[in-house]
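Reading through the structure tokens given below for one structure.
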Amino acid sequence: RMKELAEQAATGTYNDDQRTVMNDEFDQMRSEIERIANATDFNGIYGLNSGGSITIHFGAGNSAAADYYKVNMQDMRTGSGGLDVSALTIDSQGSAQAALTALDSAIGLKDTARAHFGAMINRLRNTVANLEIQRENFMAAESQISDADVALEMAQLTRSQVLSQAGVAMLVQANAVPVMALQLLG
């Protein structure tokens, strides 16, 4: 909207009073950009009003290649460290024409920042999907190990029961032989 206002103010069809009205809206838009840059936070981390980076840690170790990556912060404030539009005005035709170039540069910076954040969001989504697949595979492997352990224990229990029952049957027969011999003799 700021570029649209600057384009309108840069034409010769408006007078300075009309440009002053447009400049008021232009100033409000710039103030809103500054407010958004200073108010946007996630867990107290302000990603649009400073440089530097934050570390997203997702692995079990501490290897930069495998366990974390850094997200570069973007300065989207209106001052010279960011978008550099804080001094722009469109209250005259000349200043509006000069503002167009600065606004093109600011739009380019904004697009680059959005592309950077979009790429990092996609990377985070892919990392989360990969970690969820790993978790599912680990759970399946653990379940198979548990199932194998249960099957092994059941086989050993069955073996022990068969041996125990066979032993009891042998004792019964062993005790039955002398009784049968006595019955035959007696």
Side-chain angles (χ1 to χ4, degrees), residues 1-140:
R1 176 73 180 144
M2 291 174 75
K3 184 167 182 178
E4 185 180 315
L5 289 169
E7 287 171 348
Q8 289 175 354
T11 66
T13 59
Y14 292 100
N15 64 34
D16 286 343
D17 291 337
Q18 292 168 322
R19 285 188 186 96
T20 300
V21 172
M22 286 183 229
N23 193 56
D24 288 343
E25 184 180 352
F26 189 86
D27 287 343
Q28 292 303 315
M29 297 297 292
R30 180 179 39 240
S31 295
E32 183 62 11
I33 290 170
E34 187 73 19
R35 186 196 68 76
I36 290 170
N38 287 321
T40 302
D41 77 297
F42 178 76
N43 286 337
I45 299 168
Y46 294 88
L48 298 177
N49 70 354
S50 64
S53 64
I54 59 170
T55 301
I56 308 286
H57 196 113
F58 51 82
N62 198 26
S63 166
D67 298 312
Y68 65 87
Y69 46 83
K70 295 193 178 289
V71 177
N72 294 326
M73 308 293 243
Q74 305 293 317
D75 191 351
M76 294 287 107
R77 293 176 291 181
T78 58
S80 64
L83 298 175
D84 199 18
V85 294
S86 61
L88 298 180
T89 64
I90 58 170
D91 56 0
S92 70
Q93 187 175 8
S95 65
Q97 288 171 340
L100 287 171
T101 303
L103 288 170
D104 283 339
S105 176
I107 289 170
L109 289 172
K110 180 260 313 171
D111 290 346
T112 300
R114 287 182 70 182
H116 171 74
F117 283 130
M120 293 310 294
I121 287 169
N122 286 338
R123 185 175 181 187
L124 279 169
R125 284 183 181 149
N126 288 333
T127 299
V128 168
N130 185 32
L131 290 172
E132 286 175 352
I133 290 168
Q134 286 179 0
R135 182 183 62 84
E136 185 177 322
N137 290 341
F138 283 137
M139 289 179 68

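Atoms considered below: every heavy atom in the structure, side chains included; atoms not considered: hydrogens, waters and symmetry mates.
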Heavy-atom pair with the smallest gap, counting every atom of A6 and A96
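That would be O-CB, 3.7 Å.
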
Identify the heavy atoms of M76 and L109 that sit nearest to each other, and give their distance.
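Closest heavy-atom pair between M76 and L109: CE-O, 4.0 Å.
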
Decide yes or no for [X] and [Y]: does some side-chain heavy atom of the first lie under 4.5 Å from some side-chain heavy atom of the second?
X	Y	answer
K70	I54	no
Y14	T20	no
F26	D91	no
T11	Q93	no
V21	E25	no
L100	E7	yes

Start with the C-alpha distance between R114 and D111, add both sets of side-chain angles, then the distance that settles salt bridge (Lys or Arg N to Asp or Glu O under 4.0 Å), and finish with yes or no.
CA-CA 5 Å; R114 287 182 70 182; D111 290 346; 5.2 Å; no

To the nearest 0.5 Å, tell me how far [X] [atom1] sits from [Y] [atom2].
X	Y	atom1	atom2	value
D16	N23	CG	CG	11.0 Å
Q74	T112	CD	OG1	8.5 Å
T78	M29	OG1	CE	13.0 Å
D67	I56	CG	CD1	13.5 Å
E32	R30	CD	CZ	13.0 Å
T40	Y46	OG1	OH	9.5 Å

Qualifying residue for side-chain contact (heavy atoms from CB on, under 4.5 Å) with L103, from V85, L83, L5
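So, applying the side-chain contact (heavy atoms from CB on, under 4.5 Å) to L103 and each of V85, L83, L5, only V85 qualifies.
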
Check the pair D24 / Q28 against side chain to side chain donor-acceptor pair (under 3.5 Å), numbers first and verdict last.
CA-CA 6 Å; D24 288 343; Q28 292 303 315; over 6 Å; no

I90 backbone acceptor or donor facing R19 side chain under 3.5 Å
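Checking the backbone N and O of I90 against the side chain of R19, no donor-acceptor pair under 3.5 Å is found.
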
Starting from the C-alpha separation in whole Å, work towards a yes-or-no answer on side-chain contact (heavy atoms from CB on, under 4.5 Å) for M120 and N72.
CA-CA 9 Å; M120 293 310 294; N72 294 326; over 6 Å; no

Apply side-chain contact (heavy atoms from CB on, under 4.5 Å) to the pair M73 and I45, showing each step before the final yes or no.
CA-CA 10 Å; M73 308 293 243; I45 299 168; 3.3 Å; yes

Applying side-chain contact (heavy atoms from CB on, under 4.5 Å) to S95 and T89, what does each step give before you reach the verdict?
CA-CA 6 Å; S95 65; T89 64; 3.6 Å; yes

Under 6.0 Å from the CZ atom of R125, do we count more than 12 heavy atoms belonging to anything else shown?
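Counting other residues, nucleotides and ligands, CZ of R125 stays at 12 neighbours or fewer.
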
Take atom CD in E136; do more than 12 heavy atoms of anything else shown fall under 6.0 Å from it?
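Open: at most 12 neighbouring heavy atoms sit under 6.0 Å from CD of E136.
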
For salt bridge (Lys or Arg N to Asp or Glu O under 4.0 Å), just list the numbers for E4 and R1, CA-CA rounded to whole Å, side-chain angles, deciding distance to a tenth of an Å, and then say yes or no.
CA-CA 5 Å; E4 185 180 315; R1 176 73 180 144; 2.6 Å; yes

